[in-house]
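In what follows, chains are A, B, ... by sequence order, proteins preceding strands, each numbered from 1.
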Amino acid sequence: MAQTTSSTSESRPDTPPFRYTAKLAEQIETTWQDRWEREGTFHTPNPVGDLSAGFDRVADRPKLYVLDMFPYPSGAGLHVGHPLGYIGTDVYARYKRMLGFNVLHTMGYDAFGLPAEQYAVQTGQHPRVTTEANIANMRRQLRRLGLGHDSRRSIATTDVDYYRWTQWIFLQIYNAWYDTDADRARPIDDLIAELDAGTREPAEGTNPFGRPWAELSPTERRVVVDNHRLAYLHEAPVNWCPGLGTVLANEEVTPEGRSERGNFPVFRRPLKQWMMRITAYADRLLRDLDLLDWPEAIKQQQRNWIGRSEGARITFPTVAPDGGEGPGIEIFTTRPDTLFGATYMVLAPEHPLVEELTVPEWPDDGIPASARDLWTGGHDRPADAVAAYRRRASSRSDVERQVETREKTGVFLGSFAVNPATGERIPVFIADYVLMGYGTGAIMAVPGEDERDWAFAEVFDLPIIRTVQPPEGWEGKAYTGDGPSINSANDEVDLNGLHIDEAKRRIIEWLEAKGIGKGTVTTKLRDWLFSRQRFWGEPFPIVYDPDDGLPRALPESMLPVELPDIEDYRPVTFADDDDTSEPVPPLARATDWVEVTLDLGEGPKRYRRETNTMPQWAGSCWYELRYLDPNNDKAFVDPENERYWMGPQHEGDCGGVDLYVGGAEHAVLHLLYARFWHKVLYDLGHVSSLEPFRRLFNQGMIQAAAYTDRRGMYVDAHEVVEREDGTFWYGDEQVNREFGKMGKSLKNTVTPDEMYESYGADTLRLYEMFTGPLDQSRPWDTKAVVGVFRLLQRIWRNVVDEDTGELVVSDGELDDDTRRKLHRTIADVRDGMENLRFNVSIAKITELNNHITQRWPDGGAPRAVIEPLVLMLAPLAPHIAEELWSRLGHERSVCAERFPEPDPAWLADETVEVAVQLNGKVRQRVVVPATDDPAELEAAVRADPKVAALLEGRTVRKAIAVPGRLVNFVVA
RNA sequence: GCCGGCGUAGCCCAACGGCAGAGGCGCGUCCCUUAGGAGGACGUCAGUGUGGGUUCGAAUCCCACCGCCGGCACCA
């Protein structure tokens with residue numbers, strides 16, 4: 001078949017030889033891409049180091065650091081949805097460069113992680129082989145788009161030179177602790193010195209030995225110090241995912257209790273794992289959101305995730321079975337003011353005090369006959385009831401908990417606590433509506449002021465005491481709003497009449513004075529589980545000493561710790577639902593690598609390497625810093641380079657990347673982790689910026705039509721045709737249209753390569769930028785692409801004769817009308833560029849070009865308008881702009897030229913048409929001389945006979961004149 | 001349920017509180033063309049989700065509701 005359908009804009013025999021066709025576009029584009037590469041057009045100089053050549057040329061210019069969320073190099077290649085953000089940043093960076101900024105813009109690859117490993121397993125190749133092939137393919141696809149990246153700065157997280165520094169940063173974190181007095185991280189050696197000097201006690205919960213520091217053995221001291229570190233080993237219930245063969249961070253588990261990647265079931269089970277003490281930074285991560293220019297939605301998600309709440313911890317005494325004193329139960333509440341209304345207590349089923357508080361026999365009194373079966377679970381002995389309930393709670397997956405109605409369940413432990421405010425004896429329950437992972441895992445239940453407690457109290461027939469006066473006519477159950485306290489006084493403290501805030505303050509004072517409670521802050525954020533049982537990740541720079549089993553950090557001089565070559569890098573995975581399985585890191589099989597003799601200061605000794613690897617997020621926690629100084633082998637980044645590109649720009653500025661563009665799906669994972677690392681590096685004096693990303697922008701998603709047949713199966717969207725009546729057909733079958741994310745599963749993928757083939761890269765770039773503001777999602781519509789393609793053809797025709805290839809521009813003077821149009825356009829195009837609303841810029845360029853076409857239909861438009869037009873096009877469609885610029889006789893790349901500036905003198909018209917309104921309704925339009933003076937304008941308008949006629953016989957009460965726009969007469 | 005975002009022609013989208021339309025798709029007519037065509041010219045379509053309020057004037061600001069999208073959710 002000689003005739004293919006791809007000949008959309010292909011030259012046909014009668015096509016003029018110099019028409020801008022896809023074929024010509026391709027020639028132009030590849031030529032300029034080669035030249036950019038050859039000349040290093042986008043090489044950006046640093047203040048110091050190996051990339052500093054030429055810095056003195058730009059030293060006095062403003063700087064701009066533009067960053068894209070770097071991609072994971074997938075084996076599937078790109079579709080047209082992927083580069084939306086990359087094109088946006090490229091246009092912005094090119095524009096700013098033409099304004100004289102020293103712009104840093106590059107692109108790297110986030111290449112470690114599960115998908116790379118899975119893809120490698122599928123294709124039977126080593127992950128490094130597939131990863132590198134995928135990166136090469138992606139580089140090729142992106143290069144063809146004409147992105148103006150400094151290719152010298154590109155990195156992949158899998159490069160040994162890169163992950164060496166990832167390991168180095170891990171060591172910084174490991175060798176640091178959080179000084180809560182100074183509210184910052186400090187080197188661990190400072191802590192040891194202070195402990196030795198006796199000027200500091202070990203922090204709460206870090207000394208399990210119960211003896212002072214001075215009396216501890218060296219090994220015990222090591223344990224205490226390790227308990228302070230920002231990276232620490234911890235045995236605790238973690239998210240174990242047998243289907244992936246690894247544990248996962250909380251952030252990687254969906255609310256349904258499944259893995260975000262792969263959607264496998266996740267089980268909680270206790271394991272010893274590396275953790276990062278991100279909770280130490282919770283307050284600062286929350287507070288500093290206010291310094292950031294980020295979308296409100298993302299800030300909100302981070303606030304939600306951190307979940308800070310202020311309240312109090314209160315210890316409730318308990319009554320032992322023999323009538324003596326039992327263990328105290330510590331609870332957390334955000335409503336200490338409601339203490340007088342606490343009529344029972346609830347522990348999480350997994351709470352460590354449950355066994356101790358479970359009495360041998362049901363008490364004789366205190367259980368209401370009406371709900372006895374519920375309280376006891378129908379069991380004769382409390383221990384049986386508790387065991388049965390616990391079994392049931394642990395077997396229920398989170399999914400089941402979601403599906404079930406929130407009918408409250410629980411059982412009585414048989415023991416009682418004492419409400420410290422009222423002295424009343426109150427029963428203690430376990431119930432699964434209290435979670436071990438939040439607060440202290442125990443609550444005081446105040447049914448009067450809490451809906452969940454109310455629901456439980458109703459079912460279990462427990463007393464309800466209101467402690468806040470509900471408003472007049474309140475018919476609801478629990479009242480959670482504000483109001484004066486009631487029923488809240490004892491001999492020592494009286495809250496009655498106080499509103500919530502004041503009541504909280506008063507009761508906390510009382511609790512603290514009595515030593516039974518104190519005001520505290522709790523966060524939902526947990527420490528970050530940092531180890532994975534996978535092969536394809538950064539090895540930890542950690543070994544274990546066989547003598548004490550404790551970890552030892554490797555010194556900096558032993559970095560990098562390279563991944564060993566092993567035969568079988570596949571993870572050990574299990575049946576999805578095999579919750580009895582144990583994680584087995586693949587690196588454990590590399591026995592030659594694991595067993596190692598090192599001299600860590602005690603002479604050569606056998607050690608065992610850590611066989612877990614770091615999570616995928618590690619590499620993306622700091623790549624923005626490495627772009628600044630990618631080849632530096634003395635430091636992860638030279639401080640001077642960091643200060644220049646990312647340092648605070650003025651008093652009160654947090655510093656960071658000037659524009660960071662990426663999808664909204666990383667709201668809490670990458671963005672939170674990267675902020676955390678950055679703050680640690682800041683505390684330790686390695687960076688000058690407080691935050692990594694000052695301005696964040698979420699690009700929209702490109703969606704595409706997908707079609708389903710009668711059976712609900714997706715059919716190839718390329719083959720579907722729309723009929724006149726608006727119905728869609730696949731062959732002779734009518735199909736149903738829906739919109740969704742582009743991808744294989746919906747069979748609606750459109751690739752950049754198809755677009756290059758039919759139109760060229762400039763058209764693709766222009767189309768993606770034209771369909772809407774960058775932050776908006778929009779549907780892909782292949783047949784609408786031709787609109788911007790025509791625009792490029794028309795611009796081309798205004799410069800180049802399609803038959804001869806000769807220039808058709810003249811050297812004539814501009815008429816005033818065109819000059820005004822030009823300057824108006826320049827102002828508007830700039831405005832669109834500044835605000836990342838490239839759609840507006842393109843529309844204004846189109847308008848100017850339409851004007852030129854109409855004014856000079858047979859060519860001959862003056863250079864004075866054509867050249868600025870080409871310059872304005874340059875950031876958007878750089879190849880055609882370069883080509884036209886060079887054909888116009890310029891030697892230099894258009895990238896080195898200055899963006900046109902609007903002349904204010906030509907922004908205003910000599911005469912303007914203003915609207916004349918009567919009471920806000922437009923009644924007349926008149927042309928009057930332009931003026932800035934409202935009084936002059938009003939006079940001019942009144943002088944118009946049509947207006948005079950309009951006002952005939954009416955009383956003008958007031959006239960509002962807005963220069964350049966309108967005059968509104970308010971008439972009786 | 002709570003939080004955030006968005007609703008303007010058939011579709012994608014513009015409009016410092018000031019004349020609702022910049023641009024494109026689609027559609028229609030005509031020109032070029034043996035023909036087809038994604039070449040050219042001209043034209044076509046909404047009163048801004050709904051209801052209130054502020055204002056001389058509201059797509060724009062405020063309130064309530066409706067719809068769509070996203071996030072969180074037994075978090076004490």
Nearest-nucleotide check on RNA chain B, A:R794 vs A:I842; residue mapping nearer the 5' end is A:I842
Distance below 4.0 Å between A:Q776 side-chain N/O and B:rC13 OP1 or OP2
yes
Could you tell me whether the phosphate oxygens of B:rA15, OP1 or OP2, come under 4.0 Å of any side-chain nitrogen or oxygen in A:R837? yes
* Asked: With a distance cut-off below 6.0 Å to the six-membered ring centre and an angular limit of 45° from the axis, does A:K408 pair with A:F460 as a cation-pi contact?
  -> no
Using Watson-Crick geometry (N1-N3 plus N6-O4 or O6-N4) or G-U wobble (N1-O2, O6-N3), each under 3.5 Å, B:rG4 is paired with B:rC69
- Query: B:rA38 base stacked by A:Y759? Criteria: ring centres under 5.5 Å, plane angle under 30°.
  - Reply: yes
Q) For the rings on A:Y344 and A:F456, is their centre-to-centre separation under 6.0 Å? A) yes
Assert: residue with more 5' nearest nucleotide on RNA chain B, out of A:V786 and A:A348, is A:V786
(message) Using atom C1' in both nucleotides, what's the gap between B:rA38 and B:rC25 to the nearest angstrom?
(response) 12 Å
Of B:rG4, B:rA76, B:rG23, the nucleotide closest to the side chain of A:A297 is B:rG4
May I ask you to say what A:T522 touches in the nucleic acid, namely base, sugar-phosphate or nothing, with a heavy-atom cut-off under 4.0 Å? nothing
Rounded to whole Å, CD of A:Q301 lies from C1' of B:rG4 at a distance of 8 Å
Practice problem: Taking only the side-chain nitrogens and oxygens of A:R797, find out if one of them lies under 4.0 Å from OP1 or OP2 of B:rG40. | Solution: yes
Closest to the side chain of A:N304, out of B:rG71, B:rC56, B:rA76, is B:rG71
Open item on the list: Taking the ring centre of each residue, are A:Y479 and A:W454 less than 6.0 Å apart?
Closed with: no
**Asked** Is any NZ, NE, NH1 or NH2 atom of the basic residue among A:E938 and A:R942 found under 4.0 Å from an Asp or Glu carboxylate oxygen of the other?
**Response** yes
Rounded to whole Å, CD of A:E296 lies from C1' of B:rG5 at a distance of 11 Å
If pairing means Watson-Crick or G-U wobble with both distances under 3.5 Å, then the partner of B:rC32 is none
Salt bridge (charged side-chain N to carboxylate O under 4.0 Å, His left out) pairs touching residues 435-450 of chain A, sequence neighbours excluded, are A:D450-A:R452
Among the nucleotides B:rA76, B:rC56, B:rG24, whichever has the atom closest to the side chain of A:S309 is B:rA76
Quiz item: So what does A:P295 touch, heavy atoms closer than 4.0 Å: a base, only the sugar-phosphate, or nothing?
Solution: nothing
In whole angstroms, the gap separating C1' of B:rC27 from CG of A:D781 amounts to 14 Å
In Watson-Crick or G-U wobble terms, with both distances under 3.5 Å, the base opposite B:rA14 is none
Using the P atoms only, state how far B:rC61 lies from B:rC68, rounded to an integer number of Å. 23 Å
Applying the 3.5 Å cut-off to both distances, the Watson-Crick or G-U partner of B:rC27 turns out to be B:rG43
Just to confirm, is there a sub-4.0 Å distance from OP1 or OP2 of B:rA14 to any side-chain nitrogen or oxygen of A:N839?
yes
Using Watson-Crick geometry (N1-N3 plus N6-O4 or O6-N4) or G-U wobble (N1-O2, O6-N3), each under 3.5 Å, B:rU54 is paired with none
Take atom C1' in B:rG49 and the same atom in B:rG43, then report the distance between them in whole Å. 30 Å
To the nearest angstrom, the CD1-C1' distance between A:I298 and B:rC69 comes to 14 Å
From the candidates B:rC3, B:rG23, B:rA76, the one with an atom nearest any side-chain atom of A:N850 is B:rG23
Rounded to whole Å, the CG-P distance (A:D450 to B:rC74) equals 13 Å
A:I702 atom CD1 is separated from B:rC11 atom P, nearest whole Å, by 20 Å
Could A:K477 and A:E451 be called an ion pair, given the rule that one side-chain N must be under 4.0 Å from one carboxylate O?
no
Under 4.0 Å from OP1 or OP2 of B:rC42: is there any side-chain N or O of A:Q854 that close?
yes
Checking B:rG71, B:rG18, B:rG23 against the side chain of A:V962 (C-beta onward), the nearest is B:rG18
TODO: Establish, with yes or no, whether the OP1 or OP2 oxygen of B:rC11 is under 4.0 angstrom from a side-chain nitrogen or oxygen of A:K783.
DONE: no
inquiry  = For A:R303 and A:D290: C-alpha separation, side-chain torsions, deciding distance, then whether salt bridge (Lys or Arg N to Asp or Glu O under 4.0 Å) applies.
reply    = CA-CA 11 Å; A:R303 289 190 191 108; A:D290 295 340; 3.7 Å; yes
Syn within 90° of 0, anti beyond: B:rG17 is anti
Checking B:rG23, B:rA76, B:rA14 against the side chain of A:E847 (C-beta onward), the nearest is B:rG23
>> In whole Å, measure the gap between the C1' atoms of B:rC13 and B:rG26 for me.
In response: 14 Å
Looking only at B:rG24, B:rC56, B:rA41, the nucleotide nearest the A:T853 side chain is B:rA41
Q.
Suppose you measure atom P in B:rG5 against the same atom in B:rG51; what distance do you get, rounded to whole Å?
A. 24 Å
Ranking B:rA76, B:rA22, B:rA41 by distance to the side chain of A:A843, first place goes to B:rA22
Integer angstrom distance from the P of B:rG23 to that of B:rG4 = 37 Å
**Message:** I'd like to know if A:N968 reaches the base of B:rC56 with its side chain such that a donor and an acceptor end up less than 3.5 angstrom apart.
**Reply:** yes
May I ask you to verify if any side-chain N or O of A:R824 is less than 4.0 angstrom from the OP1 or OP2 atom of B:rA22? no
A:R778 has its side chain closest, among B:rA38, B:rA14, B:rC13, to B:rC13
Measuring only the C1' atom in each nucleotide, how far is B:rG57 from B:rG17? A whole number of Å is fine.
8 Å
note: A:E665, atom CD; B:rG5, atom P; distance rounded to Å ~ 20 Å
query: For A:T853 and A:N798, does a side-chain donor sit closer than 3.5 Å to a side-chain acceptor?
result: yes
query = Taking only N and O in the side chain of A:R790, is any of them less than 4.0 Å away from OP1 or OP2 of B:rC25?
reply = yes
Indicate whether the side chain of A:Y433 and that of A:D453 have a donor and an acceptor atom separated by less than 3.5 Å. yes
When rounded to whole Å, the CD1 to P distance for the pair A:I430 and B:rA76 reads 22 Å
Check your understanding: Can you tell me how far P in B:rG47 sits from the matching atom in B:rA9, rounded to whole Å?
Key -> 9 Å
